[in-house]
Asker: 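Sharing a structure, written as structure tokens. Questions coming.
As the structure is a computational prediction, the values presented were derived from the model and not from experiment. These numbers come from the heavy atoms of this one structure, side chains and all, not from hydrogens, waters or symmetry mates.
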Amino acid sequence: MLRAFMILAIVFTYVVMVWGGLVRSSDSGLACPSWPLCYGNFEPPRDTAAKLEMGHRTVSSLAGIFTLLSFVYVWKKTKGLPRLTSTIALAFTFSAALTGMKMIKAETPHLKYLSHMLLESVHIYESMIILGFLVLTYRLIYKRSMEEGVPLYAYIFALITMITGVLVRYTGSGEACGHEWPTCNGSLIPDFTSWKVTLQFLHRNLAYTTWLAFLLALVSSFSKTTLLAFVFVNLQFVFAISMVLTGFFLPLSFMDTAMGFFLFAWLTYNVQIKPTINLKVKEVW
């Protein structure tokens with residue numbers, strides 16, 4: 001049961017994040033103006049945008065339930081570090097729910113103010129923490145080797161790039177460089193007259209550095225895992241660049257979001273860790 005609940009919690013949390021990206025990209029964030037219900041009742045909404053938003057809330061609820069069940073079974077079946085990581089995942093599940101409520105009440109999807117942008121970004125970071133610690137909990141319990149996989153330096157570069165990418169998306173900085181790549185507003189090094197241009201330019205250069213880090217990991221320690229990591233990073237590049245060049249075409253925006261969060265979860269599961277703590281994980285039947 002523990003393995004099943006862990007897998008369901010991870011899958012539903014991932015779906016929530018991708019679905020949330022679709023809600024954001026389609027400007028459906030305020031299609032349901034009340035919370036937690038849509039228009040204050042249980043009647044299914046008729047508007048497509050409202051259906052997207054209400055669907056997102058429904059899947060979020062299921063993800064929360066499976067995260068809670070995983071937490072209960074982890075504490076029942078294991079000892080040591082998995083208990084801590086599952087607790088962190090559950091704590092941020094409650095935190096993300098409260099943040100989501102505040103976003104609706106404050107109408108942050110309009111992104112009118114900097115506080116709105118930051119709150120939206122924090123909500124995504126909370127989701128990343130939930131997904132990351134669920135994956136880490138599963139890994140601590142079921143993955144035998146902790147010392148093989150993607151080098152930690154490559155993982156850190158990827159994580160920083162993802163963090164800045166969230167800021168780019170949720171501060172409305174995605175089009176700060178226009179619909180062009182690799183240039184930004186007609187030049188390789190733009191005029192930094194806007195903080196949005198600066199943020200976009202920083203994110204792009206972090207992405208280039210991340211690509212080099214994964215190339216180095218592939219060359220220095222070739223394995224199936226580092227090869228897959230390099231392939232996944234390149235797929236992420238293709239979706240991101242295509243999204244920019246097409247003016248944030250919705251299907252490409254969806255694929256960019258889906259690939260980005262998948263990459264985050266996959267790397268978290270496969271990053272090299274040298275455990276110095278006795279995990280004391282009981283055998284799970």
Asker: So, Thr78 and Tyr73: side-chain donor and acceptor under 3.5 Å apart, yes or no?
Answerer: no

Asker: Side-chain heavy atoms under 4.5 angstrom apart, residues restricted to Ile, Leu, Val, Met, Phe, Trp, Tyr: same cluster for Val231 and Val238?
Answerer: no

Asker: Going through the checks in order, is the ring-ring contact (aromatic ring centres under 6.0 Å, His included) test met by Phe232 and Phe262?
Answerer: CA-CA 9 Å; Phe232 290 151; Phe262 168 79; 5.3 Å; yes

Asker: What pair of heavy atoms forms the shortest contact from Tyr155 to Val150, and how long is it?
Answerer: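 It is N-CG1, 4.4 Å.
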
Asker: In terms of hydrophobic clustering (I, L, V, M, F, W, Y; side-chain heavy atoms under 4.5 Å; direct or indirect links), are Val122 and Phe261 co-clustered?
Answerer: no

Asker: My understanding is that only residues two or more places apart in sequence, or in another chain, count here; which of them pass side-chain contact (heavy atoms from CB on, under 4.5 Å) with Thr209?
Answerer: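 In terms of side-chain contact (heavy atoms from CB on, under 4.5 Å), with neighbours along the sequence ignored, Thr209 is linked to Phe157.
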
Asker: Donor-acceptor pairs under 3.5 angstrom involving side-chain atoms of residues 126-137: please list them, not counting sequence neighbours.
Answerer:
from	atom 1	to	atom 2	distance (Å)
Glu126	OE1	Thr99	OG1	3.0
Glu126	OE2	Ser95	OG	2.5
Glu126	OE2	Thr99	OG1	3.0
Ser127	OG	His123	O	3.2
Thr137	OG1	Thr85	OG1	2.7
Thr137	OG1	Ser86	N	3.4
Thr137	OG1	Phe133	O	2.6

Asker: If we check side chain to side chain contact (heavy atoms under 4.5 Å, CB included) with Ile163, which of these qualifies: Leu159, Val166, Thr161?
Answerer: Leu159

Asker: Considering all heavy atoms of both residues, which atom of Ser242 and which atom of Leu252 are nearest to each other, and what is their separation?
Answerer: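 Looking at all heavy atoms of both residues, the closest pair is O-CD1, 3.7 Å.
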
Asker: With His56, which residues qualify under side chain to side chain donor-acceptor pair (under 3.5 Å), at least two apart?
Answerer: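 For His56 there are no side chain to side chain donor-acceptor pair (under 3.5 Å) partners, ignoring immediate neighbours.
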
Asker: Which distance, rounded to the nearest 0.5 Å, do you find between the CZ of Phe192 and the OG1 of Thr198?
Answerer: 5.5 Å

Asker: Same cluster or not: are Leu212 and Phe222 linked, directly or through other Ile, Leu, Val, Met, Phe, Trp or Tyr residues, by side-chain heavy atoms under 4.5 angstrom apart?
Answerer: yes

Asker: Quick check: do Val197 and Thr193 have side-chain heavy atoms less than 4.5 Å from each other?
Answerer: no

Asker: Could you check if a side-chain atom of Met117 sits within less than 4.5 angstrom of a side-chain atom of Tyr170, using non-hydrogen atoms only?
Answerer: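 Side chain of Met117 against side chain of Tyr170, heavy atoms only: no contact under 4.5 Å found.
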
Asker: Above 12 or not: heavy atoms from other molecules or residues under 6.0 Å from CZ of Phe94?
Answerer: no

Asker: CD1/Ile65 to OG1/Thr93 distance, rounded to the nearest 0.5 angstrom?
Answerer: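 Going from the CD1 atom of Ile65 to the OG1 atom of Thr93 covers 11.5 Å.
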
Asker: Locate the shortest heavy-atom distance separating Asn270 from Trp266; write the atom from each residue and the value.
Answerer: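 The answer is ND2-O, 2.9 Å.
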
Asker: Is it the case that one hydrophobic cluster holds both Phe214 and Leu227, taking links as side-chain heavy atoms less than 4.5 Å apart, direct or via other members?
Answerer: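 Both belong to a single hydrophobic cluster.
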
Asker: Ignoring hydrogens, what is the shortest heavy-atom contact between Arg139 and Tyr269? Give both atom names and the distance.
Answerer: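 Closest approach of Arg139 to Tyr269, heavy atoms only: NH1-O, 2.9 Å.
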
Asker: Apply side-chain contact (heavy atoms from CB on, under 4.5 Å) to Thr226 and list each qualifying residue two or more places apart in sequence or on a separate chain.
Answerer: Pro151, Leu218, Ser221, Ser223

Asker: Specify the closest pair of heavy atoms between Leu188 and Phe201, including all atoms of both residues, with the distance to one decimal.
Answerer: O-CE1, 3.1 Å

Asker: Find the distance between CZ (Phe239) and CG (Leu263) and round it off to the nearest 0.5 Å.
Answerer: 11.5 Å

Asker: Without hydrogens or angle criteria, can the side chains of His179 and Glu175 be said to hold a donor-acceptor pair below 3.5 Å?
Answerer: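 Note: His179 and Glu175 side chains meet the donor-acceptor criterion.
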
Asker: So with a 6.0 Å cut-off around CZ of Phe92, is the heavy-atom count from everything else above 12?
Answerer: no

Asker: When rounded to the nearest 0.5 angstrom, what distance separates CD1 in Ile124 from OG1 in Thr257?
Answerer: 9.0 Å

Asker: Tell me the closest heavy-atom pair linking Trp195 and Ser173, and the distance in Å.
Answerer: CZ3-OG, 4.0 Å

Asker: Between atom SG of Cys177 and atom CG of Asn185, what is the distance when rounded to the nearest 0.5 Å?
Answerer: 5.5 Å

Asker: Looking only at atom types and distance, does a side-chain atom of Gln200 sit under 3.5 Å from a main-chain N or O of Ala176, one as donor and one as acceptor?
Answerer: no

Asker: side-chain contact (heavy atoms from CB on, under 4.5 Å), that's the test. Do Glu53 and Val23 meet it? Break it down for me.
Answerer: CA-CA 6 Å; Glu53 170 61 14; Val23 169; 3.4 Å; yes

Asker: What pairs of donor and acceptor atoms, side-chain ones from residues 12-20 against any protein atom, are under 3.5 angstrom apart with sequence neighbours left out?
Answerer:
from	atom 1	to	atom 2	distance (Å)
Thr13	OG1	Ala9	O	2.6
Tyr14	OH	Ala258	O	2.8
Trp19	NE1	Leu52	O	3.0

Asker: Does the side chain of Val74 reach to within under 4.5 Å of the side chain of Phe5, using non-hydrogen atoms?
Answerer: no

Asker: Hey, does Asp256 have a side-chain heavy atom less than 4.5 Å from the side chain of Arg169?
Answerer: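 Arg169 reaches Asp256 side chain to side chain.
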
Asker: List the residues meeting salt bridge (charged side-chain N to carboxylate O under 4.0 Å, His left out) with Arg204, not counting sequence neighbours, and say none if there are none.
Answerer: none

Asker: Atom CZ of Arg83 and atom CZ of Phe71: how far apart are they, to the nearest 0.5 Å?
Answerer: 9.0 Å

Asker: Using the rule that Ile, Leu, Val, Met, Phe, Trp and Tyr join whenever any side-chain heavy atoms are under 4.5 Å apart, tell me whether Leu84 and Tyr142 fall into a single cluster.
Answerer: yes

